[in-house]
Amino acid sequence: MSASAASIDSTSEVYQSGTKYLLADLGGGTVDVAAHEVEEGGTVKELRFASGGPWGGTRVDKNFVDLLTDILGKTLIENFKRECTSAWTDIISTKFEASKRTVEVGGKLYVEFPVEFHDFLRNHHDHTFNDLLNKYHNQNLKYLRGSLAIQYPEVQKLFEPVFKRISAHLKTVLKDVGTVDYLILVGGFATSDLLMEYLTNEFKELRVMRSNNCSLAVVMGSVLFGHDPSQITARRAKFTYGVESVDFFDYCLDPDSLLYTNNAGRELCSKRFFKLVSKNEEIPIGKEMQKLFRPPQPDSTEVVVNFFKSVSEEPRYTNEKGVSKVASMHLPLPYTERGLAREIRVIMKFGETEIKVKSEDVSTGSSVENKLELDFLRGH
């Protein structure tokens, strides 16, 4: 391991006020990255909404399966998977998985094949595994005493495409948040020495660290990713949030399909997205966002308040690409004497793991409420 890489055995080194770090949760299926800054008292705030993708350890498994398919042929592999399911699972989920976790930088990777595999070849093919391997003409692949021995150049071909995707996403996050002090790796895929070496070389300006302490991995991987959200004092909105309303129609901007005239003769644009929170906006836990609206018709006895989210920072309409509804509430407006002068207050309050949404008739005080459960990593 290079000098800039290290293992964490206590939180004291990282949890200094003002420290900024990326926390990468490297699982089997996915990789998720958060950016945090340590505050006074040991709490943290998000510097960017958490994000990730399907670049976990199972992507290496897929590359290995693709290699076997090239050697043996798709038909043989599919037949073996169907007829000898448990043996196939043993090869990928047990034998290859164990070797994948323990292979060293510069070392070979050995995958043992069960007796069922060799029996299957004898019954369905004229050649042995070694015969097929020799026909493949790859000097980095050898068959030794019942195991496929993969030399390091070929090992790199299995791993590095996945590493490159992880690195590219980390660079995207760094571009958004600027300078940080540490890159901290947690999760099962973080045990890979190959991944550790690759990221250490890719991010020489950072201290790349992983935990040898299982309890610390739980603290950093679980606490900061939502299981103990009290440690987070401020979140970053993963989406732009807002409500659907109407506004004066702009003939230069708005499509004719959204033009309508209300009972008071006003030309309005429907399905307008009124923003309450912008994507990636820092939101202190407990902060309220409010906005006043008026009913669409002077004689409306009820309004439906629809809450939406968008992947765009500046959505204009609720029916545009990347916008989806997250909640809907019906607010009674029984008193119509004030017509369009009536006011409706819409409130969004951000909690630790949820957004509380409330719609209120300002004149009567009557209100309706709802909650949106949040997964700050992948959900709303």
Side-chain angles (χ1 to χ4, degrees), residues 1 25-31 54-166 185-199 210 212 214 217:
M1 191 178 298
D25 188 352
L26 306 162
T30 62
V31 170
W55 317 305
T58 55
R59 298 297 295 185
V60 180
D61 299 354
K62 181 182 182 304
N63 293 342
F64 176 64
V65 172
D66 289 343
L67 174 63
L68 290 181
T69 303
D70 288 343
I71 297 169
L72 302 172
K74 184 176 181 180
T75 300
L76 191 149
I77 288 290
E78 291 301 319
N79 289 339
F80 180 69
K81 287 165 64 176
R82 184 177 62 254
E83 297 181 27
C84 305
T85 303
S86 60
W88 173 256
T89 302
D90 181 56
I91 293 171
I92 303 303
S93 300
T94 303
K95 301 298 194 299
F96 179 71
E97 179 66 24
S99 297
K100 181 179 71 177
R101 288 175 178 266
T102 57
V103 63
E104 298 179 351
V105 176
K108 299 176 183 178
L109 190 154
Y110 294 91
V111 184
E112 181 183 354
F113 283 75
V115 173
E116 293 93 331
F117 176 76
H118 301 289
D119 290 342
F120 180 85
L121 279 181
R122 279 194 294 269
N123 294 330
H124 293 77
H125 210 286
D126 294 334
H127 302 284
T128 66
F129 187 25
N130 198 36
D131 293 335
L132 294 170
L133 198 58
N134 288 333
K135 286 185 176 182
Y136 190 61
H137 300 299
N138 187 328
Q139 296 302 310
N140 291 316
L141 302 173
K142 302 293 182 182
Y143 186 68
L144 303 172
R145 296 183 296 278
S147 295
L148 176 63
I150 306 175
Q151 304 283 343
Y152 193 64
E154 198 68 28
V155 171
Q156 289 178 299
K157 293 180 183 179
L158 297 177
F159 282 81
E160 287 200 0
V162 184
F163 294 170
K164 288 178 179 178
R165 296 295 299 272
I166 295 171
L185 312 179
V186 298
F189 201 22
T191 61
S192 169
D193 286 344
L194 274 64
L195 177 58
M196 185 70 174
E197 177 79 5
Y198 185 91
L199 293 179
R210 64 181 174 185
N212 285 336
C214 292

Output yes when a side-chain donor or acceptor of Lys100 lies under 3.5 Å from a complementary backbone atom of Val60, and no otherwise. no
Would you check if Leu185 and Met196 make a side-chain contact, meaning some heavy-atom pair closer than 4.5 Å? yes
Heavy-atom side-chain contact between Asn138 and Ile71 under 4.5 Å: no
If every non-hydrogen atom of Leu194 is compared with every non-hydrogen atom of Val105, which pair is closest and at what distance? CD1-N, 3.8 Å
Minimum heavy-atom distance between Gly27 and Phe189, given as atom pair plus value: O-CB, 3.7 Å
Note: His118 and Gly146 closest approach over all heavy atoms is NE2-O, 4.4 Å
Does Val162 reach the side chain of Tyr198, with side-chain heavy atoms less than 4.5 Å apart? no
Find out whether Phe159 and Asn63 are in side-chain contact, i.e. whether some heavy atom of one side chain is under 4.5 Å from a heavy atom of the other. no
Inspect the surroundings of CD in Glu104 and state if more than 12 heavy atoms from other residues, nucleotides or ligands are less than 6.0 Å away. no
Whether the side chain of Ser99 engages the backbone of Phe96 through a donor-acceptor N/O pair (distance < 3.5 Å, no angle test) should be reported. no
Non-hydrogen atoms of Leu144 and Ala149 that approach each other most closely: CD1-CB, 3.9 Å
If I compare all heavy atoms of Gln139 with all of Gln151, which pair ends up nearest, and what's the gap? O-CG, 4.2 Å
So do Tyr136 and Leu67 actually touch side chain to side chain, heavy atoms under 4.5 Å? yes
Heavy atoms, side chains only, cut-off 4.5 Å: are Tyr143 and Asn134 in contact? no
Test Leu26 against Trp55 for side-chain contact (heavy atoms from CB on, under 4.5 Å), laying out the working first. CA-CA 8 Å; Leu26 306 162; Trp55 317 305; over 6 Å; no
Assess the side chains of Thr69 and Asp66: does a donor N or O sit below 3.5 Å from an acceptor N or O? no
Considering only heavy atoms from C-beta outward, does the side chain of Glu197 approach that of Asp193 to under 4.5 Å? no
Where do Asp90 and Lys95 land on the side-chain contact (heavy atoms from CB on, under 4.5 Å) test, with the steps shown first? CA-CA 6 Å; Asp90 181 56; Lys95 301 298 194 299; 2.7 Å; yes
Can Leu141 and Glu154 be said to form a side-chain contact (heavy atoms from CB on, under 4.5 Å), step by step? CA-CA 8 Å; Leu141 302 173; Glu154 198 68 28; 3.8 Å; yes
Salt-bridged, Glu78 to Arg82, with N to O below 4.0 Å? no
According to the interplanar angle, ranging from 0 to 90°, do the rings of Phe113 and Phe64 count as parallel (below 30°), tilted (30 to 60°) or perpendicular (above 60°)? tilted
For a quick test of reading the model, state the closest non-hydrogen atom pair linking Pro161 to Gln156 and the distance between them. CD-O, 3.9 Å
Stepwise side-chain contact (heavy atoms from CB on, under 4.5 Å) test for Lys142 and Lys108: CA-CA 11 Å; Lys142 302 293 182 182; Lys108 299 176 183 178; over 6 Å; no
So do the side chains of Asn140 and Tyr152 get within less than 4.5 Å of each other, counting heavy atoms only? no
Sole candidate of Leu121, Ile91, Leu68, Thr75 that passes side-chain contact (heavy atoms from CB on, under 4.5 Å) when paired with Phe80: Ile91
